[in-house]
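Below is one structure, written out as structure tokens, with a few remarks after it.
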Amino acid sequence: MTIIADQTVLLTGASRGIGVYIARALAKEKATIVGVSRSQDGLDQVSAEVKALGGHWLGIKYDLSQLEELPDLVEKINQLAGPIGILINNAGIEIYKKFQDYSTAELHSILTINLLSAMELSRLVLPTMLNQRKGHIVNIASLAGKKGNPYNSVYSASKAGLLMWTDALRQELADTNVEISAICPGYVSGQGMIADTGVPIPKLAGTSKPDDVAKAVIQAIEKNQAEVIVNQDPITANISKLLIALWQISPQFGDTVYHWMGVSKLNKLRIKNQKRVALKLSM
Ligand SMILES: NC(=O)c1ccc[n+]([C@@H]2O[C@H](COP(=O)([O-])OP(=O)(O)OC[C@H]3O[C@@H](n4cnc5c(N)ncnc54)[C@H](OP(=O)(O)O)[C@@H]3O)[C@@H](O)[C@H]2O)c1
């Protein structure tokens with residue numbers, strides 16, 4: 001069990017979407033939050049909110065695709081805010097395409113932000129956590145890592161990788177008192193990468209709120225939970241778990257369920273509208 005109060009928490013993807021809700025939840029727990037993302041404006045806005053809620057804040061503008069410079073980032077945080085006690089790998093990107101249409105740069109980009117930056121940051125903070133015999137890493141994965149998401153296949157691969165790596169590392173860390181959790185949200189409404197697209201979420205898939213994800217993060221840290229599925233309510237989350245188990249036995253049954261829920265149809269729509277979203281976010 002990790003107590004969040006007074007810990008230095010490195011939170012990636014803190015400038016918008018779910019990251020803002022996680023930052024607020026951490027502020028209420030009186031943590032020192034080091035928020036990292038590319039948008040200085042976004043970080044400044046979250047800074048004001050965190051301080052108003054009683055948390056301490058340090059915002060660092062940083063592009064996580066710069067993997068080679070992550071040791072410098074961690075060193076800078078150690079100097080300015082003290083050793084990182086909790087790492088929350090939340091930053092993520094997705095690009096909707098038919099698989100053969102991805103460029104090599106896009107493959108690199110998705111895998112680097114969603115998977116490699118999480119691995120590299122964890123690799124860098126672990127020696128101190130292990131020395132201190134305390135610490136917690138939270139990886140924000142996705143239900144898309146549990147069942148392949150058509151036309152978002154590279155994102156799915158990155159999240160499946162994140163989940164399997166978390167699973168393996170948790171076993172390596174047994175008996176060290178350093179903990180690791182994976183959070184798997186389904187569709188999140190209101191704010192975040194899916195809400196930003198404005199496409200209708202399939203009703204049968206269920207949705208959760210960004211606040212639910214933030215609460216799941218706090219609970220996973222406090223209770224040392226290995227993997228948490230976040231969906232509409234506990235019943236929907238349990239149905240998701242049951243379906244995931246069945247899809248292990250029959251992936252084709254899973255394909256049928258996804259088709260029936262309208263996931264392929266939705267994602268084809270998202271190929272069309274992502275240019276509009278990219279434009280909106282860059283303004
Ligand atoms: N929203 C959902 O429905 C949903 C469902 C399941 C899982 N998730 C996962 O939840 C996490 C948060 O998603 P979200 O919905 O909040 O997404 P979002 O609204 O698009 O926010 C993504 C965050 O990641 C940061 N980021 C992206 N590229 C970056 C880079 N190169 N360097 C540094 N920061 C970068 C962004 O900041 P800048 O742009 O300022 O850099 C932003 O703060 C992701 O890992 C996502 O896969 C989301």
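When a ligand or atom number is given, it counts from 1 through the structure's own listing order. Every value quoted in this text rests on a predicted model; they were computed, and no experiment measured them. One-based numbering along the sequence shown.
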Got a donor-acceptor contact below 3.5 angstrom from the [X] side chain to the [Y] backbone?
| X | Y | answer |
| --- | --- | --- |
| Asn149 | Asn152 | no |
| Ser181 | Gln225 | yes |
| Asn90 | Thr12 | yes |
| Ser156 | Ala144 | yes |

Any atoms of ligand 1 less than 4.0 Å from a non-hydrogen atom of [X]? List them with their elements.
| X | value |
| --- | --- |
| Gly17 | 16 (O), 19 (O) |
| Ala14 | 43 (O) |
| Ile194 | 1 (N), 2 (C), 3 (O) |
| Ile140 | 9 (C), 10 (O), 11 (C), 45 (O) |

How does [X] reach ligand 1, by side chain, by backbone, by both or by neither, if only non-hydrogen atoms under 4.0 Å count?
| X | answer |
| --- | --- |
| Ile18 | both |
| Ala195 | neither |
| Tyr62 | backbone |
| Glu94 | neither |
| Ala144 | neither |
| Val188 | both |

For ligand 1, is [X] a contact, meaning one of its heavy atoms is under 4.0 Å away?
| X | value |
| --- | --- |
| Asn90 | yes |
| Ser109 | no |
| Gly186 | yes |
| Gly42 | no |

Short side-chain donor-acceptor distance under 3.5 Å, Thr236 and Asp233: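 Note: Asp233 and Thr236 side chains meet the donor-acceptor criterion.
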State whether a side-chain donor-acceptor pair under 3.5 Å links Asp41 with Gln45.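 Looking only at side-chain atoms, Gln45 and Asp41 do not form any donor-acceptor pair under 3.5 Å.
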What distance separates [X] [atom1] from [Y] [atom2], expressed to the nearest 0.5 Å?
| X | Y | atom1 | atom2 | answer |
| --- | --- | --- | --- | --- |
| Leu73 | Glu120 | CG | CD | 11.0 Å |
| Ile180 | Ile137 | CD1 | CD1 | 4.5 Å |
| Glu172 | Trp165 | CD | CH2 | 10.0 Å |
| Ser153 | Glu94 | OG | CD | 11.5 Å |

[X] versus ligand 1: do any nitrogen or oxygen atoms come within less than 3.5 Å of each other?
| X | answer |
| --- | --- |
| Arg38 | yes |
| Leu64 | yes |
| Asp63 | yes |
| Ser142 | no |
| Ile93 | no |
| Val36 | no |

Just checking Ile235: does its CD1 atom have more than 12 heavy atoms from other residues, nucleotides or ligands closer to it than 6.0 angstrom?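 No, not enclosed.
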Tell me which one of Val228, Leu163, Asn139, Leu162 satisfies side chain to side chain contact (heavy atoms under 4.5 Å, CB included) with Cys184.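 One option only clears the test, and that one is Leu163.
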Pick from Ile218, Ile4, Val50, Leu53: which one makes a side chain to side chain contact (heavy atoms under 4.5 Å, CB included) with Lys28?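 With Lys28 as partner, Ile218, Ile4, Val50, Leu53 yield a single side chain to side chain contact (heavy atoms under 4.5 Å, CB included), made by Leu53.
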For atom 15 (O) of ligand 1, which candidate among Gln40, Met193, Gln66, Arg16 provides the closest heavy atom?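 Looking at heavy atoms only, Met193 sits closest to atom 15 (O) of ligand 1.
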With respect to atom 38 (P) of ligand 1, which of Gly145, Ala118, Ser15 exhibits the smallest heavy-atom separation?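 It is Ser15 that holds the nearest heavy atom.
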